[in-house]
Amino acid sequence: MSAEIREDIKTFSPEGKTSEITLDLFGMTCANCARRIETGLNKVDGVEEARVNFGRETAFVRFKDPIEPSQLFSKVESLGYSAKEHSENNYKETEELHRKERSKLRYRFFISLLFVSPLFYSMVSHFSFLEFLPNPKALMHPWIQFLLAFPVQFWIGFPFYKSSFRAIKNGSANMDVLVSLGTSAAFGYSFILSLLQGIQQGDLFFSSFWEEGTHIHSLPPLYYETSAVLLCFIIAGKWMEAEAKGKSSSAIQTLLELKPETARIKKEEAWSEIPTEYVKKGDILQVRPGEKFPVDAVVLEGFSSVDESMLTGESLPLDKKKDSQVFGGTVNGNGSLIVQATSVGSETVLASIIKTVEEAQSSKAPIQKIADKISAVFVPAVILISLFNFLLWFFFLEAGDLGSALEKSIAILVIACPCALGLATPISILVGTGKAASLGILFRNSEVLETTASLNVIAFDKTGTITEGNPSVTDYKFLGEESDLLSSSASAESASSHPLGKAIVSFVRSKGHSIPSSKNLQTVPGLGITAKVNRSEIKIGKLEFFDKQESFPKDLLDISNSWEKAGKTVVWAKSENTAVGTPTWIIFAIEDIIRQNAKSALEKLNSLGIETLLLTGDHLSVAENISSKVGIKNVHASLLPKEKAEILSDLQSKGKIVGMTGDGINDSPALAKADVGFAMGTGTGVAIETAGVVLVKGDLEKIAEAILIAKATTANIRQNFFWALAYNTLGIPIAAAGLLAPWIAGAMMAFSSVSVVLNALRLKKKDIRQKIVQ
């Protein structure tokens with residue numbers, strides 16, 4: 001992993017007066033709550049974009065000054081929820097608040113269970129297959145049922161009423177409105193019927209109920225147990241859902257826990273421990289065996305092996321010695337190291353990874369738009385269906401039977417649950433991107449993840465992608481004064497960030513030559529550089545960079561051809577003294593080592609049915625030599641940066657979903673043009689910022705893993721959508737037909753959301769690497 005990774009994977013906020021903030025949200029109960037908060041935030045003047053993720057319970061907001069975050073908090077609070085700024089520093093506090101919410105749900109469930117158990121027993125004991133169970137007469141007394149149901153309805157169920165009131169107040173409806181309507185109708189109907197029946201019989205307290213011979217079936221049909229059991233089951237479902245959602249966000253929690261709380265810092269001649277957040281750039285730190293590195297740093301003294309698997313997914317430890325880079329959160333091996341902090345706080349690789357993963361998990365996949373549209377009209381539509389069904393049964397199918405019509409309508413209200421639909425996408429994205437991050441794969445957003453699953457063509461740059469990106473000069477040949485040619489060539493290339501230019505500069509320095517300063521530097525992307533060095537004009541680059549009428553030395557042309565046939569890249573340089581006017585020439589043979597796993601990575605992509613091609617600015621002979629060794633059949637050589645993008649555009653016009661893998665500035669046009677850009681984590685910041693997927697360690701085998709994770713995640717989303725839609729499509733008509741008791745409908749509703757979350761959690765256990773091997 002390169003020291004440049006920090007800049008490569010860091011995500012920058014837009015410059016100027018536009019700011020971004022992520023909010024932690026509290027109090028949401030269903031997908032409609034998330035939609036209402038999102039709509040409300042988007043209506044705030046100055047807010048450019050607001051996205052709410054129900055699965056993560058967060059909101060991402062981009063806004064312009066002079067808006068203050070406090071205004072956003074106030075807006076959320078006015079909608080009936082609460083919010084606070086999301087940051088690494090208050091993560092534990094936020095988790096504690098969510099833990100308390102889960103504890104409250106657990107507490108509410110067990111309290112409701114105490115009251116509901118007798119009611120539930122009295123209900124099921126009447127089933128024919130359970131008639132052998134004793135049925136205490138007291139459990140059938142109307143006012144005893146009332147006393148058991150009342151605290152469940154109005155104490156345990158109070159949050160449902162509170163949420164419903166706020167939703168209606170803000171002109172919308174959520175799942176809690178359906179729950180409140182259904183259970184209130186059942187409880188209210190039973191209470192009124194109890195009063196009327198008692199008054200009619202002249203026995204308000206049903207004292208005659210205890211007289212011998214009075215049969216329970218002579219009492220009116222009541223639904224106290226229906227409302228109480230419904231609320232108990234729904235609360236149980238919400239509790240299980242909250243617990244499962246907590247597990248699904250463990251990827252971020254695991255990353256945050258990598259950073260140690262304290263660091264051992266050198267002050268004068270003594271070592272002392274301080275909180276990690278107070279470490280500054282340049283501080284000298286000691287990291288003992290088995291300890292985690294608190295920040296990104298460079299090794300000053302010592303030798304050890306370091307476990308970087310938590311950042312890259314690679315299990316083998318890496319040796320670290322003087323001048324090696326180490327990263328915050330990684331684990332020191334069996335040696336003690338003295339290091340100097342190079343990046344701290346939000347600038348570390350770990351912080352950058354966390355930010356990238358959080359942004360991906362907060363984004364919305366295109367498929368989520370379907371759920372948003374359905375959720376927007378779902379609750380009002382269900383209320384209308386329930387009302388129509390009530391009228392149909394009461395006036396036509398079972399005329400005058402209020403209890404029966406009410407029971408069927410209540411079943412519709414409680415079985416219809418938009419939560420499962422709202423959770424279908426975000427919870428899968430949450431788990432999928434978290435799993436990818438643990439393997440060293442960072443998806444920029446969920447749209448990229450969804451597109452990655454559909455890729456059928458992937459193009460590769462050569463230098464720094466298929467090859468290691470650390471080329472070296474193996475041969476050189478010159479016509480003229482060697483010292484002057486070498487110095488002038490290195491001078492022109494000294495300002496270049498291209499690996500070939502760096503190789504030339506390094507070679508000249510190794511020969512002991514000084515490198516003078518250059519003037520009038522001009523770069524032609526993909527071709528070469530011109531500059532003025534002392535009194536000479538220097539031109540260095542590909543052969544095509546020079547005038548076609550140029551008189552090239554035949555000996556050098558022959559040597560250049562032989563080098564290219566051997567698979568080496570040739571760089572030409574011409575120096576012409578403006579006073580003398582006589583040109584001198586030098587050529588460099590540069591070779592870059594093919595990445596150790598490049599061939600196996602390409603084989604894995606081919607096994608997945610992915611078409612691969614090589615796009616390079618190098619000569620055809622060099623490109624074909626490289627491609628033959630790694631198994632790429634389709635080769636395009638001698639390309640300018642814009643020509644790489646044009647080839648991708650042509651493929652897209654033929655209906656191909658195209659990916660591009662690169663690492664340099666010259667790859668950025670193609671990375672931007674591709675449907676999905678894969679950037680090597682060891683490349684340049686421009687390439688990283690343009691790409692949609694970052695391979696933290698620059699491991700090509702991660703591309704196949706990224707595709708498989710994307711496929712598994714999108715398949716998981718489709719499964720969730722299918723079951724969520726099938727559940728409501730089948731459940732509502734069954735309930736409307738009177739074939740579903742309300743308490744069973746409530747249990748099914750509670751299970752639907754839990755099942756979606758549990759299905760998403762299966763992604764955690766998928767062995768992606770094993771699937772590739774098979």
Side-chain angles (χ1 to χ4, degrees), residues 29-30 32 112 115-116 119-120 122-123 142-143 145-165 167-168 173-197 219-235 237 378-418 728 731-750:
T29 58
C30 72
N32 276 17
S112 66
F115 291 98
V116 164
L119 292 171
F120 185 71
S122 68
M123 180 170 59
W143 295 126
Q145 289 193 351
F146 169 83
L147 291 174
L148 289 170
F150 185 86
V152 178
Q153 185 71 41
F154 297 105
W155 175 35
I156 302 299
F158 178 73
F160 291 105
Y161 286 105
K162 185 178 179 182
S163 175
S164 300
F165 173 75
I168 295 170
N174 60 7
M175 184 59 205
D176 291 340
V177 172
L178 298 181
V179 173
S180 298
L181 278 176
T183 59
S184 296
F187 184 89
Y189 170 78
S190 301
F191 177 67
I192 293 172
L193 202 58
S194 298
L195 283 176
L196 293 177
Q197 193 76 11
L219 295 174
L222 304 177
Y223 298 94
Y224 289 119
E225 79 282 355
T226 297
S227 65
V229 170
L230 272 177
L231 287 171
C232 184
F233 280 1
I234 291 169
I235 291 168
F378 189 86
V379 173
V382 168
I383 293 173
L384 289 175
I385 292 171
S386 177
L387 179 60
F388 174 77
N389 190 68
F390 172 81
L391 297 174
L392 181 66
W393 281 93
F394 184 71
F395 287 105
F396 299 100
L397 300 180
E398 291 182 356
D401 193 338
L402 179 62
S404 177
L406 189 62
E407 183 176 351
K408 295 172 179 60
S409 299
I410 290 171
I412 293 175
L413 289 174
V414 297
I415 197 171
C417 177
N728 284 294
I732 292 176
I734 292 173
L739 302 176
L740 206 60
W743 69 273
I744 297 177
M748 291 177 63
M749 186 274 282

- Message: Could you check whether any side-chain N or O of S409 sits under 3.5 Å from a backbone N or O of L387, counting only pairs where one atom can act as donor and the other as acceptor?
- Response: no
- Rounded to the nearest 0.5 angstrom, the CG-OG distance for L148 and S112 is 12.5 Å
- Message: Test your reading of the model: is there a side-chain donor-acceptor pair from W393 to the backbone of A736, 3.5 Å cut-off?
- Response: yes
- Task: Take the angle between the ring planes of F394 and F390 and call it parallel below 30°, perpendicular above 60°, tilted in between.
- Result: parallel
- Item | Closest contact, heavy atoms only, L119 versus A228 | CD1-CB, 3.8 Å
- Message: Any heavy-atom pair between the side chains of V177 and I383 that's under 4.5 Å?
- Response: yes
- Query: Out of curiosity, L195 CG to S190 OG, how far, rounded to the nearest 0.5 Å?
  - Reply: 11.0 Å
- Message: Using the rule given for side chain to side chain contact (heavy atoms under 4.5 Å, CB included), can you reason through Y224 versus F191, listing the C-alpha separation, both sets of side-chain angles and the distance that settles it, and then say yes or no?
- Response: CA-CA 8 Å; Y224 289 119; F191 177 67; 3.9 Å; yes
- For the atom pair CG (N389) and CD1 (I410), what is the distance rounded to the nearest 0.5 Å? 11.5 Å
- Might you work through the side chain to side chain contact (heavy atoms under 4.5 Å, CB included) test for I235 and I156, ending with a clear yes or no? CA-CA 9 Å; I235 291 168; I156 302 299; 3.1 Å; yes
- Task: Ignoring hydrogens and angles, tell me if any N or O in the side chain of S180 forms a donor-acceptor pair with the backbone of F160 under 3.5 Å.
- Result: yes
- What distance do I732 atom CD1 and I385 atom CD1 have between them, rounded to the nearest 0.5 Å? 5.0 Å
- On the 0 to 90° scale, with breaks at 30° and 60°, tag the F154-Y161 ring pair as parallel, tilted or perpendicular. parallel
- Rounded to the nearest 0.5 Å, the NZ atom of K408 sits from the CD atom of E398 at a distance of 4.5 Å
- What is the distance from atom CD1 of I192 to atom CD of Q197, rounded to the nearest 0.5 Å? 13.5 Å
- Query: Are the side chain of S164 and the backbone N or O of D176 linked by a donor-acceptor pair below 3.5 Å?
  - Reply: yes
- Query: Can you check whether F187 reaches F150 side chain to side chain, under 4.5 Å on heavy atoms?
  - Reply: yes
- Message: Is there a side-chain contact between F146 and W143 in this structure, where contact means two heavy atoms from C-beta onward sitting under 4.5 Å apart?
- Response: yes
